[in-house]
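Comments concern the structure below.
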Amino acid sequence: MTDTLLQNLINGALTGCIYALIALGLSLIFGVMNVVNFAHGDFVMLSMYLTFWIGLWAGADAVFTPLLTFPALFLIGVLAYYALIDRTLRQKYVTQIAVTVGLMTFLRALTQLVWKAQPRALPYSIIQGNIQVGPYTILASRLVSAVVSVLAIAGVYLFLSRTWAGRAIRAASDDLDAASLLGVPYRQTYALAFGLGSALTAIAGGLLMTFQQVDPTMGVRFGLLSWCVLAMAGLGSIPGLLISGIIVGAAEAVGMSLWDPRARSLIVYLLFILVLWLRPRGLFGRK
Amino acid sequence: MRRTREGLNRLLLAALLGVALLLPIAVRTDQYTLVLLTTILLYGVLATAWNVIGGLAGQLDLAAGAYLGLGAFTAGTLLIRLNVSPWLGMVLGGLVAVGFAVLIGYPLFRFGVKEVWYALSSAALVEVLRVTFLIWSQVGGPVERYLPYHEWSFYHLRFATYMPFYYIMLGLLALALLVNHWIRHSKLGYYLMALGENEEAAEVLGVNTQKCKLQALAIYAFLVGVTGSIYACMYGFIHPNFFSGPMSIEVAILGIVGGMGITYGPVMAAILLVSVREFLRANLGGQLEGLYLVVYATVLILIALFRPQGLGPMLRQAYDRLLSRLVKE
Amino acid sequence: MSAPILQVSQLTKRFGSLVALNNVSLEIRAGEIFSIIGPNGAGKTTLFFNIIGLQKPDSGRVLFNGTDITGKPPHTICDLGITCTFQVPRAFANMTVEEAVRVGAYKRYRGREVQRKVDEVLRICELEEYRHQRCCDMGLAPLRRVELARALATEPTLLLLDEAGAGLNPSELAGLMDILRRLNEEKRITLCIVEHVMQMVMGLAQRIVVLDYGEVIAEGTPQEISTNPRVIEAYLGKGAVC
């Protein structure tokens, strides 16, 4: 009993690292420009389909597809910013939500149109097999995914703290007016943040496809999931995001093993609502 | 001048009501069209009810599906288990929805959950309920639960045609519109509009924002709960998928597209968008799954980008122009 | 000397390690025009928010007509008779002027009386011509009067004004001062003016309290304040040069 529980905890925590990566993308978008992006989960779903598509046609392994999907999603993000988001910056948040919900519906319908409603999965991945640690089995694909996610998160952290563009993004998120005075072009900065935030979903999408399938309704799940992680972490703390992601992943897994496999999302959402009630600024937030 | 204008307003209202009343008789044998018309009315009721919490109070609620499902399951279960007439069941369904709304809404408003976080937690609520009813096998479960079959029973709200449901829904729409109109011109309405614009400013003017939001949420939940009970009777079964996230979002979209806080806006949006959606689904849905949604989403984005005030004010302007031309002549 | 209408005693408010208000005590007397001044960041708006209930003080008490109102929500405080206007107007953007004022008028009136109150307040604030205009279409000066009007409609006995004169030109300022003076004399409304614009305070206030770094550094009549060396150092020092 405890063994299964621990086994599930490990699996969940590893998946949680990917959640953290997805939420990091959202936090770039929401934290920097205060844009409420309801379509973020659908970017994940889109990435997964792109991975599937490339994997099928080019025979590329899911692990390597981010080489192609990362720039693609970056481009899509930048385009979405200039075409849609830029126009809503000065509108009420309701308008923003309406536009991103439109985008969400669009992406979902588009994938449904192209790939139909049934779930899709890639037949194999080069990352195969299990690693045995004492009584516990760790799926190699999950372990690799978690490691890559953490590395990607660290990469973003370095980018934000070490490069000029990264510092511009952080400055814009602290105080836009002051940043513009110092010569940070807000449009390009926002486009960069949105592009990067979307591109991170490409890595997550590739990783997810190594061990699971995709269907068009998945966007909503990942959307709410990443908002939940973000709510728990609060804004401005990257380690906080990682911890929250792991908590959410673990909670999901525990819920599934102790209660009912279908209770997976239930646990996450209950956690989400509780966090909103009790810690509206998140557990690690500074804003 | 003013008198003729009011006269014309009344004339238009009477004409619309006349059309609404006679429409099903014109298509009485065509069940597909009847369902379509009833569906439009259904969304009209939901969006009009949403206008209370979303449009007037400015809280972006995405939990219409939660209250709809609660209403459906309350009335449905009472009918299946205890043979309670849906006529009573719908009132109880509305009350259960209210009870749940207050239970959830009180801490949410108490802890100051607002804007995007309110929207998200309400969206999460729908999913929580859906999964809960999926797991709760005594009441829900993954298989549809059918309501007892009757060829034609007023007591059980079962009919061989959809026509009665059309009229019930029309009545409900009238009720929702009246409630909206009444609130809009009452103290509660002004308080809701004020807190929707700026909560702190409303507070210092003596508005108990927590209480007012809770009242708005309760009124909305009641109307949606009642609608849900009828929804169950119309389709003849209950299923956890009645707690539908996409439907909840669509209701909010209709409210936004119609124009926040405008009484008749959401109905207009429902008539327009739901018929566009159904038309696309009927004509394109067959070959290309999802194409109608692509078009639908595009329309939505365009309206949100270029008409952020919604269609309501636009229609109003067109109507005013038409009126002034008519009155001049 | 009339009785105190508002007593603030030893109010302290911290934000993290920053002490925004440190042991602030003051008294406002019924019927007077009282003013709180101080340089930017002195804690004026914080003091104001703690009186009106938008923030809760860490320690200290606020008494209104002898009733403890510390930490009560703003709507309860409004019921008792205190309301305010904001430094940056918080307009009900999509409501018309008349509708915005109506929100206030519902506090003490029902039915037909509401409209009567609205009309009265609109007349006092010289807003009758704007009646059907939407708040988001208005300039700063009339918008400040809308803020004043909707606050007046709640029939306060004590009205707090947070920098009501900021951003107004001299003639607009004179108009506003005129309205305020009339409110005080004819309606017997006690006014507490938080200000940065010195001209307005000197011409209007009967007593002034000066805040600096969250502490009261001086109290007295406008003449006493303008000659107080600590005030000149803290506040007018910069102004005296210009």
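Within every chain, numbering begins at 1; the chains are lettered A, B, ... in the order of the sequence lines, protein sequences first and strands thereafter. Predicted model, so just to flag it, every value in this text is computed and none were measured.
- With a threshold of 4.5 angstrom between heavy atoms, C:Ile77 does not approach chain B through any atom at all.
- If you tally non-hydrogen atom pairs under 4.5 Å between each of C:Ala93, C:Gly104, C:Cys84 and chain B, the highest count goes to C:Ala93.
- Surrounding CD of C:Gln10 are at most 12 heavy atoms belonging to other residues, nucleotides or ligands under 6.0 Å away.
- The environment of CZ in C:Arg61 is sparse: at most 12 heavy-atom neighbours from other residues, nucleotides or ligands sit within 6.0 Å.
- Heavy-atom distances place both the backbone and the side chain of C:Arg90 under 4.5 Å from chain B.
- For C:Phe92, the parts sitting under 4.5 Å from any heavy atom of chain B are the backbone and the side chain alike.
- Heavy atoms closer than 4.5 Å to chain B are found in both the backbone and the side chain of C:Thr83.
- The number of heavy-atom neighbours closer than 6.0 Å to CZ of C:Arg181, taken from other residues, nucleotides and ligands shown, is above 12.
- Nearest heavy-atom pair, B:Val207 versus C:His75, reported as atom, atom and distance to 0.1 Å: O-CB, 3.4 Å.
- With a 6.0 Å radius and a threshold of 12 heavy atoms from other residues, nucleotides or ligands, C:Arg116 has its CZ atom above the threshold.
- Heavy-atom minimum distance, C:Tyr106 versus B:Lys187: CD2-CB, 3.6 Å.
- Heavy-atom pairs under 4.5 Å with chain B peak, among C:Glu147, C:Arg110, C:Glu99, at C:Glu99.
- By the 6.0 Å contact criterion, CZ on B:Arg307 is open, its count of non-hydrogen atoms from other residues, nucleotides or ligands being 12 or less.
- Counting heavy atoms of neighbouring residues, nucleotides and ligands inside a 6.0 Å radius, atom NE2 of B:His181 does not exceed 12 of them.
- Across C:Thr85, C:Asp79, C:Leu54, the residue that shares the most heavy-atom pairs under 4.5 angstrom with chain B is C:Leu54.
- Contacts of B:Gln309 with chain C are made by side-chain atoms alone, with heavy-atom separations under 4.5 Å and no backbone atom involved.
- Around atom OH of B:Tyr106, no more than 12 heavy atoms belonging to other residues, nucleotides or ligands sit under 6.0 Å away.
- Among the residues in residues 188-205 of chain B, those with a non-hydrogen atom closer than 4.5 angstrom to a non-hydrogen atom of chain C are B:Tyr190, B:Tyr191, B:Met193, B:Ala194, B:Glu197, B:Asn198, B:Glu200, B:Ala201, B:Ala202, B:Glu203, B:Val204, B:Leu205.
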